[in-house]
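Chain identifiers are assigned alphabetically (A, B, ...) following the order of the sequence lines, protein sequences preceding nucleic acid strands; residue numbering begins at 1 within each chain. Only heavy atoms go into these numbers, but all of them, side chains included; no hydrogens, no water, no symmetry mates.
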Protein chains: 4
Amino acid sequence: MKTYELQGFGLDNLRLVERPVPVPGPGEALIRMRAVTLNPRDLGVIDGFYFPDLRFPFVPVSDGVGEIVELGPGTGRFRVGDRVAGTFAQGWNAGDPPIGWHTRSLGGPLDGMLAEYVVLPENGLVRVPEHLTDAEAAALPIAGLTAWQAVAEVGRVRAGEAVVVQGTGGVSVFALQFAKLHGARVFVVSGSAEKLKRALQLGADAGVLHTEEPDWDRRVLEWTDGRGADLVVDIGGSATLGRSVAAIRPGGTVCLIGIMSGAAADGLQLVPTFLKRARLQGINVGSRDMFEAMNRAIAANGLRPVIDRVYSFDRAIDALKALGEGRHFGKIAIEFGSPQAGNSPVSA
Amino acid sequence: MKTYELQGFGLDNLRLVERPVPVPGPGEALIRMRAVTLNPRDLGVIDGFYFPDLRFPFVPVSDGVGEIVELGPGTGRFRVGDRVAGTFAQGWNAGDPPIGWHTRSLGGPLDGMLAEYVVLPENGLVRVPEHLTDAEAAALPIAGLTAWQAVAEVGRVRAGEAVVVQGTGGVSVFALQFAKLHGARVFVVSGSAEKLKRALQLGADAGVLHTEEPDWDRRVLEWTDGRGADLVVDIGGSATLGRSVAAIRPGGTVCLIGIMSGAAADGLQLVPTFLKRARLQGINVGSRDMFEAMNRAIAANGLRPVIDRVYSFDRAIDALKALGEGRHFGKIAIEFGSPQAGNSPVSA
Amino acid sequence: MKTYELQGFGLDNLRLVERPVPVPGPGEALIRMRAVTLNPRDLGVIDGFYFPDLRFPFVPVSDGVGEIVELGPGTGRFRVGDRVAGTFAQGWNAGDPPIGWHTRSLGGPLDGMLAEYVVLPENGLVRVPEHLTDAEAAALPIAGLTAWQAVAEVGRVRAGEAVVVQGTGGVSVFALQFAKLHGARVFVVSGSAEKLKRALQLGADAGVLHTEEPDWDRRVLEWTDGRGADLVVDIGGSATLGRSVAAIRPGGTVCLIGIMSGAAADGLQLVPTFLKRARLQGINVGSRDMFEAMNRAIAANGLRPVIDRVYSFDRAIDALKALGEGRHFGKIAIEFGSPQAGNSPVSA
Amino acid sequence: MKTYELQGFGLDNLRLVERPVPVPGPGEALIRMRAVTLNPRDLGVIDGFYFPDLRFPFVPVSDGVGEIVELGPGTGRFRVGDRVAGTFAQGWNAGDPPIGWHTRSLGGPLDGMLAEYVVLPENGLVRVPEHLTDAEAAALPIAGLTAWQAVAEVGRVRAGEAVVVQGTGGVSVFALQFAKLHGARVFVVSGSAEKLKRALQLGADAGVLHTEEPDWDRRVLEWTDGRGADLVVDIGGSATLGRSVAAIRPGGTVCLIGIMSGAAADGLQLVPTFLKRARLQGINVGSRDMFEAMNRAIAANGLRPVIDRVYSFDRAIDALKALGEGRHFGKIAIEFGSPQAGNSPVSA
């Protein structure tokens, strides 16, 4: 089989190589991969930001979906032919995240999905909604579940609540969609007029360009008649945290998800945090139970993840470069073999 | 002004009389009533079921909406001209219900809204969404808020969850609407093919006639692929509780709201309740904070309460009789003065 | 090895027989049992009340503790020599109970612990606190965890809250101890002056004999200055549920645990349940995560479960008969082999 | 009557002056003050840090207790003679904090308690536990309630959980006491060997001197067998936040309370916050409902706040200076009139 492997840090050290197809052991499943999608984290892992001690060769990319083609002994949750995604946090099935969970995540430090065949424990898999294309389904494990945890688990967003979404990358577009699914109002802070327009077409109720209105927190207060937002999905990190706290209502929540502008919280002041009784909640993707709950929501409402572009497997490095350029709206996907008919909204 | 007053238990003792317009004291508002809606509880109060010691003469009916025409000294939350509803549980503003809250509810034991003018503390009022007719807004205080507390506060229903609604009266139709607003799937148990059809038109995903399929709990299990419902809004009481528990998933919730089939829980068995880890939650309408949250949900989504029929003020007794007959779908309303144009879906 | 096996329903069909020591498979552990404790449920299983389709021969008794003497392939959570208890709800590790959890509980329908050696999946085991005797540790899986779920998970009892405990059996004594551990006030409703005295010695703040004061709910209201209890741990079922609801504060919780007086909820009226906004929560023992949290609480506070009497393994049938007589305070235990010195508060 | 008033920013502008005794209006109570206690916030208000637009003359100090000596018209919650404390957040009775709550807090921007007589709305008062001295009761409104919200409301600390407390000022000592009241284990990080010793005497289970062990987060991980603390009560702010996140378990909580080392969150890194799924919760004292719940906990357990020193009213400026020096353990109090016998643990 073909697989990409990272032989040292940096995209230049990512090579397409040949390996034998792996064999599933007890409790494991062999999956023929159909599609993966990319997350900013993938670049952070490849560049050595997240795991300085990563062992090489390493197979990158966390999110993927495929078909079970063989089951090891002692399995029972799935059948051959089931279409499944791997859970990012292997071993986190339900409840609070287990101690040391972050050492067992796919695509770093554990090997990821950018290979034609992958073996995973069946406990680390979930079936994906039938109405989705492979690329759409492959968008769920990190971007989808992170947004779901923020909106549905931590924010517990209810109809009529006000949600602020920063940007229009994978997590943000899911957060917009999930918030609308719960009857909430959504305000988008974007840096691109075109992307903001697309967000409004997707259902966002209002939005601003932070390039034109850097004090977007005031606009959120106006938009909520002075009340403040119930939830802000913070993707910016360093440069946005202070405004995120300023934009919420007393008792509101800021979900800490991204570090687009920096990984230090130096933009955050504590006195406003007390006065707002702000809750700042770090989000770590989510558990298998949350994944299954999200899938029920997606299936029941026929929700379709937004795929920006689909690359073929042999152009994976181009796909990662495109991710780094940040011009996408929604997710960048890679499909294995010949793309299914009608599967690709835009072929790159 | 004209007001109805109950001079003894029973609908025969309800009389339309003349009284002076009341004067608002410190912290109070004088409201010119525009519409009320009826709840099964109104008949229970009139018949002496709820308050055997009720003091006569008594003004019945809990739910109403009107316009503030005068404000007493020391007020500040409203202006003259605001359209407001009274909160059923006067004095329950936020948090847990206060001790003795049920001795301070409008329409029994406190005087209610079936009068041309009413005086209430401004702390016991909320503004109602602008897009609603008077009759629609008057549907909110009990039926709307009870359903909201069940679906959004207690059930905390999320997208993709499965909700069962019994019947198609005021609370049930609101529960159906609120559950759909949160992206849930809704199953309706009805006794009328015509009403079930209307519920499906309103967005319900599935349903059965309990007259044809008395073991509807099994149908709910099938409909959820054996998982069970996340929430059952129980209106039936005695005869339905056992099936409601049988229909939920492990860890699911049954909201106890109605006693259509009897006020004793004799249909409930405890062993299934343990095995399901069932949560049975008595619902008592809701707080002012919940009312305002519901109003934001209704306004943000343009939701319209379902009004079955509108009676004129002088036909209030006919309206109460119609309530007792139980043929309605949604709410029965009464409007004061000349109905606004377009205000009345059906004039009785 | 020796094991008891039930060859048909009824205590008369419980026989001590010889079987080969079982062999642990992949993911499993072989445990040499040291002690078990009895629960009312054990008699319900033996008598055919819980599982009419139980397969014979069947090894009864849910709760036990032993030492791991052998580990199967693919294990890793424990070492040989660890002292462990089985989790009653095998497979419920965290979060909400899984679908069908009640078909995987130890001591019915799965074989139980009344055998010298037992094999269980290592995922269904937890280490027990070191300071406990074997009999004390064996009291935890059902009685301890049920009380813990009621007090610490569902009731989330806080310091200063008022908790009512019915009776002085295994669950009730644990509930009393756990409530005191959280700084709560505890009121005991007992049928025996002697047992009530012991409960007060264990830390209960107040109590009544229901034989003398059948309207103990009024006494609870007085004891809380009219406020009502935050939590009632209901063991009685049919005959006590109505009073339990009457005894709570608005918004309070009644944990449904026992059926000492009957398994139908016919003593419950729905109107008071609405007025109190009562939450009735069926309790189903608990998850492995809850078990581990309970163990931390027990270890940190040096709490000692109350063991009424300890029987030797060959007198297990006498122990079960004593359970049926209901004269115990706390738990009835059975120890395997020669009791450890100082292990037995009272030897029967 | 005598009152202190601030005539400009800075302690030098605090003067003892004579004013007429105020008169309670509708819904208000006149209180003869008996004791106040000091909080770091008082100095921040006096120095102009919190309210640059403060209007002079201003009466400082948030926390106090006194006796109701007169009630205005329309009151009913209290009687003359009741001993009460003012709630810091006037108007926040229950539920989430209201919009703009921070503009209605006692001791800035509203006038405070450093006066012989004070008038407050009766809705902004609570009775205090009888067993407390005046100085002890005066410690509750900010320091007590802040710690209570952190431990009992936000942290929802349960028996066996691990709580880290920074320092030994007013909030920290209360947090230690409340955590022990719930059966938790407490770890104290202190800068003084003597204070650490006193904390251990008060019930803390372990602790370190951060002067000797600046990487106290590692010690917390060891102390919890690698699991991490469930709750850290962060008083330090800027310099401690990063370690606080490092010290918690996955899914744990850091309560943001103090800014002893700086008000910017620049010591916080976001990646560890995601990995820990950390919840950072700003604490804003608490609601009246929380105050009453805390009082029940204090009364039920006979808990006694720790008073470091008691000053007489005419030495209030010395008391404020002592607060600034930071040598206290627990609270610094000021008593009005002649101190009650036995009321003063240490007279300064």
Side-chain angles (χ1 to χ4, degrees), chain B residues 41 44 49-50 89 92 95-103 105 146 149 154 221 224-228 230 234 236-238 241-242 245 249-259 262-287, chain C residues 41 44 49-50 89 92 95-103 105 146 149 154 221 224-228 230 234 236-238 241-242 245 249-259 262-287:
Chain B
R41 184 184 188 279
F49 174 75
Y50 281 104
W92 183 16
D96 269 331
I99 310 300
W101 75 276
H102 58 283
T103 63
S105 48
T146 298
Q149 188 184 170
V154 166
L221 292 178
T224 55
D225 298 324
R227 195 169 171 270
D230 296 277
D234 190 282
S238 183
L241 267 180
V245 168
R249 68 165 169 85
T253 297
V254 177
C255 282
L256 309 175
I257 290 177
I259 51 173
D266 47 7
L268 181 66
Q269 290 294 317
L270 293 175
V271 172
T273 308
F274 307 157
L275 294 184
K276 278 290 177 75
R277 197 192 184 222
R279 175 193 188 187
L280 308 175
Q281 177 71 57
I283 300 291
N284 62 342
V285 187
S287 69
Chain C
R41 183 183 188 279
F49 174 77
Y50 282 104
W92 183 16
D96 269 331
I99 311 299
W101 75 274
H102 58 283
T103 63
S105 49
T146 298
Q149 188 184 171
V154 166
L221 292 178
T224 55
D225 297 324
R227 194 170 172 270
D230 296 278
D234 190 282
S238 184
L241 266 180
V245 169
R249 66 164 170 87
T253 296
V254 177
C255 282
L256 309 175
I257 291 177
I259 51 172
D266 47 6
L268 180 66
Q269 290 294 317
L270 294 175
V271 173
T273 308
F274 308 157
L275 294 184
K276 279 289 179 75
R277 197 192 185 220
R279 174 192 190 189
L280 309 175
Q281 176 72 58
I283 300 292
N284 63 342
V285 185
S287 69

### Query
Side chain, backbone, both or neither: which part of C/I257 has an atom under 4.5 Å from a heavy atom of chain B?
backbone
### Separation of C/R279 CZ from B/L256 CG (nearest 0.5 Å)
12.5 Å
### Task
Please flag which part of C/P272 lies under 4.5 Å from any non-hydrogen atom of chain B: side chain, backbone, both or neither.
neither
#### Entry: Close side-chain approach of B/L275 to C/N284, heavy-atom, < 4.5 Å
no
## Note on the structure
Greatest number of non-hydrogen atom pairs under 4.5 angstrom with chain B, of C/P98, C/S105, C/A264, falls to C/A264
### Query
Minimum heavy-atom separation for B/A265 to C/L270, with atom names?
CB-CD2, 4.3 Å
### Query
Which pairs, with at least one residue in residues 265-277 of chain B and sequence neighbours excluded, count as a side-chain hydrogen bond (donor to acceptor under 3.5 Å, both in side chains)?
B/S238-B/D266, B/R277-C/Q149
### Task
Tell me, for C/A263 versus chain B, whether the close heavy atoms (under 4.5 Å) come from the side chain, the backbone, both or neither.
both
### Contacting moiety of B/R249, where chain C heavy atoms sit under 4.5 Å
side chain
### Task
Please state whether the side chain, the backbone, both or neither of C/V154 comes within less than 4.5 Å of a heavy atom of chain B.
side chain
### Query
Which atoms form the tightest heavy-atom contact between B/G251 and C/P97, and what is the distance?
N-CG, 4.2 Å
### Test item: B/W101 side-chain N/O and C/P250 main-chain N/O as donor-acceptor pair under 3.5 Å
no
### Task
Find out whether C/F274 and B/I283 are in side-chain contact, i.e. whether some heavy atom of one side chain is under 4.5 Å from a heavy atom of the other.
no
